[in-house]
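Numbered from 1 within each chain, the chains take letters A, B, ... in sequence-line order.
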Amino acid sequence: MHDINLVRDNPQAFDAALKQRNAAPAAAALIACDDARKAAIAKAQALQTTRNETSKKIGQAKGAGDDATAEALMAEVADLKSALQAAEDDERKLKAELEAALSVLPNIALPDVPEGLDEADNLEVRQVGAVAGINNAAQHFEIGEALGQMDFEAAAALSGSRFVVLRHDLARLERALGNFMLDLHTSEFGYTEVNPPVLVRDDAVYGTGQLPKFTEDLFRTENGYWLTPTAEVTLTNLVRAQITDAADLPLRFTAWTPCFRSEAGAAGRDTRGMIRQHQFSKVELVSIVEPDDGEAELERLTACAEEVLKRLGLSYRVMLLCAGDMGFSARKTYDLEVWLPGQNSYREISSCSYCGDFQGRRMNARFRNADAKSTQYVHTLNGSGLAVGRTLVALLENYHQEDGSVLIPEALHPYMGGRTKIEVVK
RNA sequence: GGAGAGGUGGCCGAGUGGUCGAAGGCGCUCCCCUGCUAAGGGAGUAUGCGUUAAUAGCGCAUCGAGGGUUCGAAUCCCUUCCUCUCCGCCA
């Protein structure tokens, strides 16, 4: 959510920033709506002043037992009522209109974010690890099915397409990955482990920006809960509608949760395998910081996610997303793309974003500085650390052996009961 | 799921239609007194919005949230969220 005052301060710059995000100009309409709103406020307040003064006098007259004066005053304000009602309705309506208009506008990019339309314009920041050219490399689902531990048919029978059943060591590998990532982030990077709900109300999903614009991407229960598409929703909303003490910042949360996405716009894409599922698990990182610390925190958070890849010995590159390719709430985003030999390409495995006060304003999440009297909106960041399902995919494709087995990277050995490889199950 | 109670300022806690943004206490800040790691006295101590050069002044709103009744609501009505108690059910 944008601050309407910033729009008023510099409408041209605002529209230019929107254009970068592939959004139409909106400043003029927003300002017109805000002008009307302010006029309605002024009108309503003037009427309220009159009403309050008169009511006070009525109270005094009644207290003094002067009923005649009280009656006269009451007659005086009688017709004020409908005018006030109308002015208040007007104000409410215009406020709702303004909020509705603001709530569907994407966040604007930081100055160092490259311009561009889509992923073709993203900028490679760095590449880590060697990219092995493997001839006829197998895809993860071929490997998993050959291992006898990845079952898409069973999942389809239970739930339909875009689900998977893992068994044996692959099931355990998923659990190992979640535990390994949580342990890393909590013990080495200072994140607080959280176990949040995966069913939430409108407010929470609105706070992080998935609502009201992206309902079609979400699953909803019959009684109105939303299934969280990412723990970003719950972890970020932990500070909603609160004033946090500046001394408590930064707050850093991590959680390993299932994530649910309808993938409405992805028909036909990644239909095979575990790359794109309706349900997948992910370890999420969220930071709540003061404004001045936001950009540095993005580097830190990204580094935390990268460390997972490094410890697993996976090759990857870091992409700085162009303005047109970023998510709705982001001001700047790094995508981590892991090398997948089976696909002979890099695939996104983490997305780390700095959102500025965009979510803070939507959530009404503020902090108070010890020396400053007023409050400010907190700045928020989130990133995957990492998407567990896709990490499992990467391990299969990168550690696949000629005999069909899959080596387990050393960092995971303790989590796999000392096992060093996954072999075919008969 | 059934029955009941309740949500007031940083905290505790008064207040059931009229000078209530809200008594009192605690905490905190500043000042005075005291000269010793105490006590006492005084003042102050919410947030948002509008107006504005202004975090000056003035105004409006806010007693969980949103509506409503009324000239006037923390106080009455409706809706909703949350907390607690008892019963039922249950991992």
Side-chain angles (χ1 to χ4, degrees), chain A residues 1-9 30-103 195-207 211-212 221-226 234 237-249 258 291 357 360-378:
Chain A
M1 184 85 92
H2 296 287
D3 183 353
I4 183 64
N5 291 316
L6 292 183
V7 180
R8 300 188 73 100
D9 286 348
L30 289 170
I31 292 171
C33 183
D34 195 43
D35 284 341
R37 187 184 127 260
K38 288 192 180 202
I41 289 175
K43 190 175 171 191
Q45 289 193 353
L47 291 169
Q48 283 164 341
T49 304
T50 313
R51 181 203 60 190
N52 290 348
E53 285 170 352
T54 313
S55 292
K56 197 172 266 186
K57 283 184 203 158
I58 293 172
Q60 287 168 345
K62 287 223 168 185
D66 185 356
D67 283 352
T69 306
E71 293 289 337
L73 287 166
M74 274 152 78
E76 199 179 303
V77 273
D79 57 333
L80 206 138
K81 209 185 164 187
S82 60
L84 180 57
Q85 187 77 254
E88 285 178 338
D89 286 349
D90 226 28
E91 181 190 337
R92 242 191 311 259
K93 197 187 99 218
L94 288 163
K95 185 185 175 200
E97 256 174 47
L98 182 65
E99 275 187 13
L102 282 171
S103 70
N195 195 330
V198 295
L199 256 37
V200 298
R201 283 205 292 251
D202 293 2
D203 288 350
V205 198
Y206 179 88
L211 287 188
T221 68
E222 279 189 11
N223 52 356
Y225 290 116
W226 299 96
T234 37
N237 275 282
L238 248 24
V239 295
R240 81 174 349 268
Q242 291 175 37
I243 300 175
T244 305
D245 199 332
D248 294 334
L249 298 178
D357 65 3
R361 181 172 284 105
R362 293 174 85 98
M363 297 187 298
N364 191 25
R366 295 167 292 170
F367 74 96
R368 189 197 310 280
N369 227 317
D371 42 322
K373 281 181 185 165
S374 61
T375 57
Q376 281 183 78
Y377 291 112
V378 298

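The nearest pair of heavy atoms linking Leu102(A) to Met1(A) is CB-SD, 3.5 Å. Between Met363(A) and Val239(A), the closest heavy-atom pair is CE-CG2, 4.1 Å.
Within the nucleic acid shown, Glu91(A) has no heavy atom closer than 4.0 Å to any nucleic acid atom.
Taking the P atoms as reference points, U85(B) lies 24 Å from G15(B), given to the whole Å. If you take atom C1' in C11(B) and the same atom in U45(B), they sit 14 Å apart, rounded to whole Å. Spacing of C1' atoms, U75(B) relative to A22(B), comes out at 12 Å, to the nearest Å. For A56(B) and G40(B), the C1' atoms lie 35 Å apart once the distance is rounded to whole Å. Of the C1' atoms belonging to G48(B) and G21(B), the separation is 14 Å, rounded to the nearest Å. With P as the reference atom, C76(B) and G1(B) are 27 Å apart, rounded to whole Å. For the P atoms, the distance linking A74(B) with A65(B) amounts to 12 Å, nearest Å. Comparing G24(B) with G17(B), their C1' atoms sit 23 Å apart, to the nearest whole Å.
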Across nucleotides 14-20 of chain B, 5' to 3', mark each nucleotide with B, S or - according to how protein heavy atoms within less than 4.0 Å reach it. ----BB-

Heavy-atom protein contacts under 4.0 Å, nucleotides 59-64 of chain B, coded B base, S sugar-phosphate only, - none: BBS---

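Asp357(A) pairs by the side-chain hydrogen bond (donor to acceptor under 3.5 Å, both in side chains) definition with Arg361(A), not counting sequence neighbours. With sequence neighbours excluded, the residues forming a side-chain contact (heavy atoms from CB on, under 4.5 Å) with Asp248(A) are Thr244(A), Asp245(A), listed by chain and number. Every residue meeting the side-chain hydrogen bond (donor to acceptor under 3.5 Å, both in side chains) condition with Arg37(A), not counting sequence neighbours, appears here in chain and number order: Asp34(A). Judged as a side-chain hydrogen bond (donor to acceptor under 3.5 Å, both in side chains), and not counting sequence neighbours, Asn52(A) has no contacts. Residues that satisfy the side-chain hydrogen bond (donor to acceptor under 3.5 Å, both in side chains) test with Asp203(A), not counting sequence neighbours, are absent from this structure.
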Show me the donor-acceptor pairs within less than 3.5 Å that the side chains of residues 59-68 of chain A make with the rest of the protein, sequence neighbours left out.
unit_1, atom_1, unit_2, atom_2, d
Asp66(A), OD1, Thr69(A), N, 3.3
Asp66(A), OD1, Thr69(A), OG1, 3.0
Asp66(A), OD2, Thr69(A), OG1, 2.4

Indicate every side-chain donor-acceptor pair of residues 39-50 of chain A with a distance under 3.5 Å to a residue at least two apart or in another chain.
unit_1, atom_1, unit_2, atom_2, d
Gln48(A), NE2, Glu88(A), OE2, 2.9
Thr49(A), OG1, Gln45(A), O, 2.8
Thr50(A), OG1, Ala46(A), O, 3.1

Distance-only criterion, 3.5 Å: show the donor-acceptor pairs between side-chain atoms of residues 89-101 of chain A and protein atoms not counting sequence neighbours.
unit_1, atom_1, unit_2, atom_2, d
Asp89(A), OD1, Arg92(A), NH2, 3.0

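Seen from the ring of Tyr206(A), Arg362(A) counts as a face-on cation partner, given the 6.0 Å and 45° thresholds.
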Distances under 3.5 Å between nitrogen or oxygen atoms of protein and nucleotides 88-91 of chain B:
none

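With RNA chain B read from its 5' end, the first of the two nearest nucleotides for Tyr377(A) and Lys81(A) is the one closest to Tyr377(A). Remark on RNA chain B: of its neighbouring residues Asn5(A) and Asp89(A), the 5'-side contact belongs to Asn5(A), judged by nearest-heavy-atom nucleotide.
Residues Arg8(A) and Asp35(A) are in side-chain contact: their nearest non-hydrogen atoms beyond the backbone lie under 4.5 Å apart. At least one side-chain heavy atom of Gln376(A) sits under 4.5 Å from a side-chain heavy atom of Phe367(A).
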What pattern of brackets, bars and dots sums up RNA chain B from 5' to 3', given Watson-Crick or G-U wobble pairs under 3.5 Å, [ ] for crossing pairs and | for another strand? ((((((((.[[[..)..(.....]]]((((((.......))))))((((((.....)))))).[[[[[..)....]]]]])))))))....

